[in-house]
Engineer: 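The structure's right below; bear with me while I get my questions together.
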Amino acid sequence: MEDETSERRIGAGIRRRRRALDLTLAEVAARSGLSSPFLSQIENDRARPSMRSLQRVADALDTTAVQLLAAGETPRRVDIVRADADPGLDAGLGSGVEAEADAGVEARADSGPDPTARVRPLVRGQHQMHALEFTGDHDAERAFRHRNDELMYVADGAAEVEVDGRTHRLGRGDTLYLTGGVEHRWRAVEAGTRVLVVAVADHVEAVVDPLG
């Protein structure tokens with residue numbers, strides 16, 4: 001079994017994706033709204049982006065934040081992610097955004113009430129599934145539509161999920177299953193909320209059950 005405690009290094013995966021698209025740092029900066037120096041620091045693992053900034057980079061590179069996180073890790077047949085191994089990424093809802101403003105991102109006064117919110121990947125490397133643990137508040141303005149199915153489980157607190165024009169409130173222990181292609185957005189509605197999101201990876205070709 002390999003190292004259980006190493007902190008994630010995501011820069012190499014971002015650099016490979018940018019080069020595969022034949023884009024310069026300046027072009028990614030223009031697409032993402034982040035500065036070239038800050039992007040260079042990320043690619044060289046001298047700076048760690050918030051989840052919000054990583055999503056902006058992913059949008060600029062026509063991919064997802066989850067795929068960029070996975071690309072920076074070597075897949076393991078058996079892997080343990082310890083609770084204290086890696087604190088994850090700042091969600092970018094508070095002070096994290098202000099720190100990045102020095103690198104060319106305009107800070108938002110309404111960026112969110114929870115500067116301690118974090119996102120922790122629970123699966124390392126490219127696999128057929130991915131899992132994220134969200135602690136604290138979440139960017140409720142961002143809508144998601146994944147190619148494949150996903151499951152949301154509320155470990156602590158409560159969350160509201162907007163799907164197909166309806167809002168569903170989930171409490172501790174509740175789950176929500178979404179089939180691929182369903183647009184949704186969600187937010188934490190209690191302090192200390194912790195949500196686990198498990199999904200089939202986008203590169204997996206789903207097979208329809210012939211008996212279904």
Side-chain angles (χ1 to χ4, degrees), residues 1-20 42-55 57-58 61-92 116-136 138 144-157 159 161 170 172-182 184 186 188 192-209 212:
M1 194 173 298
E2 299 184 46
D3 182 11
E4 301 176 359
T5 61
S6 61
E7 187 175 272
R8 293 174 182 273
R9 302 173 66 86
I10 62 177
I14 294 175
R15 183 166 54 249
R16 283 196 300 271
R17 177 65 179 175
R18 175 176 63 80
R19 289 176 175 175
I42 293 174
E43 286 194 358
N44 290 285
D45 289 312
R46 293 197 301 267
R48 223 172 183 210
S50 68
M51 191 63 175
R52 175 175 281 177
S53 288
L54 185 62
Q55 287 170 333
V57 172
L61 298 176
D62 296 322
T63 186
T64 66
V66 168
Q67 289 174 322
L68 290 179
L69 285 167
E73 296 280 353
T74 302
R76 300 158 170 85
R77 292 180 62 244
V78 179
D79 191 21
I80 296 176
V81 178
R82 298 293 184 187
D84 59 351
D86 183 352
L89 302 179
D90 187 300
T116 64
R118 304 199 71 79
V119 182
R120 187 167 70 101
L122 303 179
V123 176
R124 296 189 284 195
Q126 294 280 4
H127 290 282
Q128 295 186 42
M129 60 170 286
H130 65 77
L132 297 173
E133 179 191 62
F134 294 83
T135 302
H138 176 66
F144 296 90
R145 181 187 284 113
H146 303 295
R147 179 183 181 186
N148 291 317
D149 298 4
E150 73 174 280
L151 178 78
M152 296 181 65
Y153 170 74
V154 179
D156 290 301
V161 188
L170 305 179
R172 182 179 180 183
D174 291 344
T175 62
L176 175 70
Y177 188 89
L178 295 166
T179 57
V182 176
H184 57 285
W186 68 273
T193 293
R194 188 161 55 94
V195 175
L196 178 65
V197 176
V198 181
V200 178
D202 287 347
H203 69 270
V204 174
E205 194 69 38
V207 178
V208 178
D209 185 354

Engineer: Using atom types as modelled and distance alone, determine if a side-chain donor or acceptor of N44 lies under 3.5 Å from a backbone N or O of R46.
Structural biologist: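 No: the side chain of N44 does not pair with the backbone of R46.
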Engineer: What verdict does the side chain to side chain contact (heavy atoms under 4.5 Å, CB included) test give for R48 and D90, after you've listed the backbone C-alpha separation in whole Å, the side-chain angles of each residue and the deciding distance to 0.1 Å?
Structural biologist: CA-CA 9 Å; R48 223 172 183 210; D90 187 300; over 6 Å; no
Engineer: If you compare all heavy atoms of G11 against all heavy atoms of D45, which two are closest, and at what distance to 0.1 Å?
Structural biologist: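 Looking at all heavy atoms of both residues, the closest pair is N-OD1, 3.0 Å.
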Engineer: Please check: side-chain N/O of D156 versus main-chain N/O of T193, any donor-acceptor pairing under 3.5 Å?
Structural biologist: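 No, D156 side chain to T193 backbone: no donor-acceptor pair under 3.5 Å.
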Engineer: For R147, is there an ion pair with D202 - N to carboxylate O distance below 4.0 angstrom?
Structural biologist: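 Here D202 does not pair with R147 in a salt bridge, since their nearest N and O are not under 4.0 Å apart.
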Engineer: List the steps, then state whether side-chain hydrogen bond (donor to acceptor under 3.5 Å, both in side chains) holds for H130 with E150.
Structural biologist: CA-CA 9 Å; H130 65 77; E150 73 174 280; over 6 Å; no
Engineer: State, with a plain yes or no, whether a side-chain heavy atom of V195 is found less than 4.5 Å away from one of Y153.
Structural biologist: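 Not in contact.
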Engineer: Are L89 and L54 side-chain neighbours, meaning at least one heavy-atom pair lies under 4.5 Å?
Structural biologist: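 Sidechains of L54 and L89: in contact.
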Engineer: Heavy atoms only: give me the nearest R17-D62 pair and the separation to one decimal.
Structural biologist: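 Smallest heavy-atom distance, with atoms named: NH2-O, 3.0 Å.
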Engineer: Where is the tightest heavy-atom contact between T64 and A58, given as atom of each residue plus distance?
Structural biologist: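 Between these two residues, the closest heavy atoms are C-CB, 3.4 Å.
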Engineer: Which is it for V197 and F134 under the side chain to side chain contact (heavy atoms under 4.5 Å, CB included) test, yes or no, and what are the steps along the way?
Structural biologist: CA-CA 8 Å; V197 176; F134 294 83; 3.8 Å; yes
Engineer: Once you round to the nearest 0.5 Å, how far does CZ of R16 lie from CD1 of I14?
Structural biologist: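 Reported value, rounded in 0.5 Å steps: 10.5 Å.
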Engineer: So L132 and L122, side chain to side chain contact (heavy atoms under 4.5 Å, CB included) or not? Walk me through it.
Structural biologist: CA-CA 6 Å; L132 297 173; L122 303 179; over 6 Å; no
Engineer: For L61 versus R18, what's the shortest heavy-atom pair and its separation?
Structural biologist: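 Closest approach of L61 to R18: CD2-CA, 3.9 Å.
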Engineer: So, using side chain to side chain donor-acceptor pair (under 3.5 Å) as the criterion, who are the partners of R118 when residues are at least two apart?
Structural biologist: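 Here no residue qualifies.
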Engineer: Look at the side chain of R76 and the backbone N and O of G125, then say whether any donor-acceptor pair between them is shorter than 3.5 Å.
Structural biologist: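 Side chain of R76 to backbone of G125: no pair is present.
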Engineer: Test your reading of the model: is there a side-chain donor-acceptor pair from H184 to the backbone of F144, 3.5 Å cut-off?
Structural biologist: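 Answer holds: yes.
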Engineer: Under 3.5 Å, is there a donor-acceptor pair between the side chain of D174 and the main chain of V154?
Structural biologist: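 Looks like no, no N/O pair under 3.5 Å.
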Engineer: Looking at CG of L196 and CG of L151, how far apart are the two atoms once the value is rounded to the nearest 0.5 Å?
Structural biologist: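 With rounding to 0.5 Å, CG (L196) is 7.5 Å from CG (L151).
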Engineer: Ring-plane angle category for W186 and H138, please: parallel below 30°, perpendicular beyond 60°, tilted otherwise.
Structural biologist: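 Ring orientation of W186 relative to H138: parallel.
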Engineer: Over all heavy atoms of both residues, which pair between M51 and A65 is shortest? Give the atoms and the distance, please.
Structural biologist: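 Reported closest heavy-atom pair: CE-CB, 3.7 Å.
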Engineer: Report yes if the side chains of T135 and R120 come closer than 4.5 Å at any heavy-atom pair, otherwise no.
Structural biologist: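 Not in contact.
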Engineer: Looking at E43, is its backbone amide N or carbonyl O close enough to the side chain of R15 to form a donor-acceptor pair, meaning the two atoms are under 3.5 Å apart?
Structural biologist: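 Yes, the answer is positive, given that a donor and an acceptor are paired below the 3.5 Å cut-off.
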Engineer: Which heavy atom in L69 sits nearest to a heavy atom in P121, and how many Å separate them?
Structural biologist: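 Where L69 meets P121 most closely, the heavy atoms are CD1-CG, 3.7 Å.
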Engineer: How far apart are the C-alpha atoms of V182 and R145, what are their side-chain angles, what is the distance that settles it, and do they pass the side chain to side chain contact (heavy atoms under 4.5 Å, CB included) test?
Structural biologist: CA-CA 6 Å; V182 176; R145 181 187 284 113; over 6 Å; no
